[in-house]
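Okay, structure first, notes after.
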Amino acid sequence: MRFSRMHLPTLKEVPAEAEVISHRLMLRAGMIRRLAAGIYSYLPFGLMALRNVEKIVRQEMNRAGAQEVLLPAVQPAELWQESERWDFYGKELLRFKDRHQRNFCFGPTHEEVITDLIRHEIRSYRQLPLNLYQIQTKFRDEIRPRFGLMRGREFIMKDGYSFDVDDTAATSSYQEMRAAYSRIFTRCGLDFRAVEADSGAIGGNFSHEFVVLADSGEDAIASCSKCDYAANIEKAQSRFIAGDVSLPDAGVAPAEAVATPDCESIAEVAAFFQTAPANILKSMIFESDLGFCMVVVPGDREVNEFKVKAALGANWLEVPPPARIIDELELPVGYMGPLPVKIPLLVDRLVPQMGALICGANRYGYHLRGVYWGRDFTSEQIADLVQVRAGEACPRCDGLLQIDRGIEVGHIFKLGTKYSEKLNAVFLDQDGQEKAMVMGCYGIGIGRTVAAAIEQNYDENGIIFPYALAPFKVALLNLDLKNEAVTSFCEKLYQEFLSRGINVLYDDRNERPGVKFKDADLLGTPLRLTLGRKGFKRGVIEVKLRREAEAREFPLENLEPLWSLLAELQADDSRI
RNA sequence: CGGGACGUAGCGCAGUCUGGCAGCGCACCUGCCUUGGGAGCAGGGGGUCGGAGGUUCAAAUCCUCUCGUCCCGACCA
């Protein structure tokens, strides 16, 4: 492609809306433009990058035995009512009516549609397994779209669905997808982790997120330094090192109430008593489908709501607003404690080891000091309820956990028979028995993958594309358009790239060199070739890798080194 | 949904407090000049100041409503 002919509007200045690096660079590099909140147009350069991700996804999905389809984006409400998600999905589901006042939605996901399709086609176990996928625009009416393509409302997603005869077969479909996903993100040149994720209400431990490591990521993951344990922070556990339960000696004074005016937070209470937050008990109220409960953890720890939910066996869990705690439970927010409470008490497994502790007195303006687990309060519900911290012990081996931030680019899920049962997607097995198909679903955010790649590969000058994702593999900078010898050499070289099938951006614009260098850096083209009058006179062409600081020079009369360098880059790219 | 900020040329912003000619930089067009890291000079085009209503002799500026965007939080398969 000739730069002079390409619609590639690069920006020197960044639109004020852009906060994170990938969003800024994608705007500056002329990849995307915003139309409305969370809704973007893809410009040629941006679309090329998306297509590169899609190409890899297609190759690996097909290799894993999946077949591509394209399902409707607009879906009738009836299907969603049948799966009982029309009422459950909430405001994220974009709904509208057609001219006949019939209800429709714009698909945020396609379990219903694919299951409907399959139930009309599949009758026999002989037709299974089946794995279908599509790459398509989705819409989720996010409460707060942000960060450009990272959390848009309209976005391009690869979503795939597998259908199997039983749980064992479904598990192997799942494992196959897991392997395919690893190949996909490896080929995209990303540093990622496949982490165990919360599997929600559906149960089982068959959900993995693929998380690209990046400090700006919205997700936190814990991983072991020694073994391959890795989990979303929502799900991560650490090995419990049991310590002594410190009971008070016989002579130790009973708990004592202390006036603590204006001490509603752990930090304020710690400052008042001149002690560490770890010696204070954090008491929180949660509400679930099973009613209210109180959760107590050491004051320096964060409650993990997913663990609380699991410990309760609840279907949903939320933190009630303070007004409800005050009105309905008559508990003083800011001064709550477990002595005593009328609602169920959940105690973190670390609490019995705290010794003499400080907690709220259930009376405004007062805390209790010298409180002991076992003497002053107790509970049968002791569980792991806190978020893991870096440096804690791995639950699987003797390694230590580290915490990283990352961007969720893929999520695979074993669905079981949730949808097949609701939508009656059944088949006859070998014994003539009717059975529900066992399903799995597998998503990849295409645009988010591009954004994540940029988030992980950039410097102060712009994007540094992994070779596989780079829209152009080579930028050819002609610095002396008016010099006939230089230009004719560049033209010849440009044609050579084209005939070799290498995607090249030939900067033939009538611009000063500085402009061309800046744009080449911004666009993140892996290899940059520069030819000007001076180099031509010396018989050399400058060759620079975007990733490296130093440029090299190759002789004009023998470009073999150039072709082998490109072959190297390409080979490195197709590693799996 | 709660809190905060913003909306003036394609982009980045000043002007708003204290009402009185619509501004600056970049980008764009023309010409000259320049050509190894976003040059220089000269000339030029481009605005319902987000929208509606109100106050006033006079509104980008003050008041009311409204729409949109961003940030923090809550929420969320």
Side-chain angles (χ1 to χ4, degrees), chain A residues 9-20 23-24 27-30 33-40 80 83-86 88-93 105 107-112 138-148 151 153 155 157 159 197-202 207 209 218 232 234 305-306 315-323 408 411-413 415 418-419 441-443 445 460-462 475 477-483 486-487 507 509-523 528-538 540-542 544 549 551 553:
Chain A
T10 58
L11 302 174
K12 257 194 275 195
E13 287 170 309
V14 200
E17 69 200 51
E19 198 72 9
V20 298
H23 189 195
R24 298 166 70 98
L27 286 168
R28 286 193 56 207
R33 290 292 183 260
R34 192 187 64 84
L35 178 64
I39 301 178
Y40 290 85
W80 285 72
S83 70
E84 295 172 15
R85 284 211 290 185
W86 184 257
F88 267 108
Y89 208 91
K91 290 182 182 168
E92 241 179 63
L93 184 63
C105 64
T109 177
H110 282 68
E111 283 84 5
E112 283 81 358
K138 305 269 191 258
F139 195 96
R140 294 182 188 176
D141 202 352
E142 296 277 347
I143 291 172
R144 190 147 85 87
R146 56 188 142 176
F147 305 153
R151 186 176 285 276
R153 294 194 292 171
F155 58 99
M157 181 174 173
D159 52 321
D198 182 64
S199 49
I202 289 158
S207 178
E209 283 176 5
E218 293 185 276
N232 190 301
E234 295 168 350
E305 293 186 29
F306 294 88
N315 291 321
W316 57 268
L317 183 80
E318 61 185 35
V319 180
E408 178 190 347
H411 199 160
I412 60 176
F413 211 104
L415 287 175
K418 178 176 176 180
Y419 296 94
C441 74
Y442 316 96
E460 67 278 8
N461 293 314
L477 276 50
N478 178 347
L479 298 190
D480 257 305
L481 275 173
K482 288 180 184 151
N483 183 312
V486 170
T487 295
D507 197 340
R509 293 175 301 170
N510 185 20
E511 289 285 356
R512 300 165 57 83
V515 175
K516 300 189 179 191
F517 287 127
K518 288 290 184 191
D519 273 341
D521 284 350
L522 176 62
L523 299 178
R528 189 187 76 192
L529 305 181
T530 310
L531 190 60
R533 192 188 317 141
K534 291 172 195 163
F536 189 79
K537 211 174 268 178
R538 286 172 42 232
V540 294
I541 186 165
E542 182 192 278
K544 184 180 169 300
E553 288 182 338

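Here is how names work: the chains are called A, B, and so on, in the same order as the sequence lines, proteins then strands, and each is numbered from 1.
Of the candidate nucleotides B/rU35, B/rG12, B/rU69, B/rU35 has the atom lying nearest to any side-chain atom of A/Asn510. The nucleotide whose nearest atom lies closest to any side-chain atom of A/Glu408 is, among B/rC11, B/rA77, B/rG36, B/rA77. The side chain of A/Asp521 lies closest to B/rG37 when the candidates are B/rU34, B/rG38, B/rG37. Relative to the side chain of A/Lys518, the nucleotides B/rG25, B/rG36, B/rG38 differ in distance, and B/rG38 lies closest. The side chain of A/Asp519 lies closest to B/rG38, out of B/rC70, B/rG38, B/rG12.
Between the C1' atoms of B/rG46 and B/rA27, the separation comes to 12 Å (whole Å). Across the C1' atoms, B/rG53 and B/rC11 are found 32 Å apart, a figure rounded to whole Å. Rounded to a whole angstrom, the distance from the C1' atom of B/rC28 to that of B/rU18 is 37 Å. Spacing between B/rG23 and B/rA60 at atom C1', rounded to whole Å, works out to 12 Å. Across the P atoms, B/rU56 and B/rG68 are found 31 Å apart, a figure rounded to whole Å. Only the P atoms considered, B/rA59 is 14 Å distant from B/rC17, to the nearest whole Å. Using P as the reference atom, B/rC21 and B/rU16 are 13 Å apart when rounded to the nearest Å. Taking atom C1' in both B/rU35 and B/rG40, the straight-line distance is 12 Å, to the nearest Å.
Under the Watson-Crick and G-U wobble criteria, each requiring two contacts below 3.5 Å, nucleotide B/rG68 is paired to B/rC6. Pairing for B/rA60 is absent, judged as Watson-Crick or G-U wobble with the two contacts each under 3.5 Å. When both distances must be under 3.5 Å, the Watson-Crick or G-U wobble mate of B/rG40 is B/rC32. The base-pairing partner of B/rC75, taking Watson-Crick or G-U wobble contacts with both distances under 3.5 Å, does not exist among the strands shown.
For A/Lys516 and B/rG38, the shortest distance from a side-chain N or O to OP1 or OP2 is not below 4.0 Å. The shortest distance between the side-chain N/O atoms of A/Arg512 and the OP1/OP2 oxygens of B/rA39 is below 4.0 Å. Between A/Lys12 and B/rA27 there is a side-chain N or O to OP1 or OP2 distance below 4.0 Å.
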Please list each protein N or O that sits under 3.5 Å from an N or O in nucleotides 71-75 of chain B, with the distance.
residue	atom	partner	partner atom	Å
B/rC72	OP2	A/Arg144	NH1	2.7
B/rC72	OP2	A/Arg144	NH2	2.6

Output a table of nitrogen or oxygen pairs between the protein and nucleotides 41-43 of chain B separated by less than 3.5 Å.
none

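Place A/Val14 and A/Glu511 on RNA chain B by their nearest nucleotides, and A/Val14 ends up nearer the 5' end. The residue among A/Tyr89 and A/Arg34 whose nearest nucleotide of RNA chain B lies closer to the 5′ end is A/Arg34.
The separation between A/Arg509 atom CZ and B/rG37 atom C1' is 13 Å, rounded to whole Å. A/Asp480 has its CG atom 12 Å from the C1' atom of B/rU34, to the nearest Å. The nearest whole Å value for the distance from the NZ atom in A/Lys537 to the P atom in B/rG36 is 12 Å. The distance from atom CZ of A/Arg153 to atom P of B/rU69 is 7 Å, rounded to the nearest whole Å. Atom CG in A/Leu35 sits about 13 Å away from atom P in B/rG68, given to the nearest Å. Nucleotide B/rA77 holds its P atom 16 Å from the CD atom of A/Glu218, rounded to whole Å. Atom pair A/Leu27:CG and B/rC70:P shows a separation of 11 Å (rounding to whole Å applied). Rounded to whole Å, atom C1' of B/rA77 lies 9 Å from atom NE2 of A/His411.
A/Arg509 and A/Lys516 get closest at one heavy-atom pair: O-NZ, 2.7 Å. Here the closest non-hydrogen pair linking A/Arg28 and A/Leu522 is O-CD2, 3.5 Å. Considering every non-hydrogen atom in both A/Lys544 and A/Ala551, the closest pair reads CB-CB, 4.0 Å. In plain terms, the two heavy atoms of A/Pro145 and A/Gly38 that are nearest each other are CB-CA, 3.8 Å. Minimum interatomic distance between A/Met157 and A/Gly443 (heavy atoms only, all atoms of both residues): CE-CA, 3.8 Å. The heavy-atom pair separating A/Leu27 from A/Pro15 by the smallest distance is CD1-CG, 4.0 Å.
Atom CG in A/Asn510 sits 10.5 Å away from atom CG in A/Asn478 (nearest 0.5 Å). One finds the CG atom of A/Asn232 at 9.0 Å from the OG atom of A/Ser207 (value rounded to the nearest 0.5 Å). Atom-to-atom distance recorded for A/Thr487:OG1 and A/Leu531:CG is 9.0 Å, nearest 0.5 angstrom.
Among A/His23, A/Arg33, A/Arg153, the single residue meeting the side-chain hydrogen bond (donor to acceptor under 3.5 Å, both in side chains) criterion with A/Tyr40 is A/His23.
Within the nucleic acid shown, A/Glu542 comes within 4.0 Å of at least one base atom, counting heavy atoms only. Nucleic acid contact for A/Lys91: none, since no nucleic acid atom lies under 4.0 Å from a heavy atom of the residue.
With hydrogens and angles ignored, the 3.5 Å screen pairs no side-chain donor or acceptor of A/Arg85 with any backbone N or O of A/Trp80.
No more than 12 heavy atoms of other residues, nucleotides or ligands lie within 6.0 Å of CZ in A/Arg533, so this atom counts as exposed by the packing criterion.
On a pure distance criterion of 3.5 Å, no polar donor-acceptor pair joins the side chain of A/Arg85 and the base of B/rA77.
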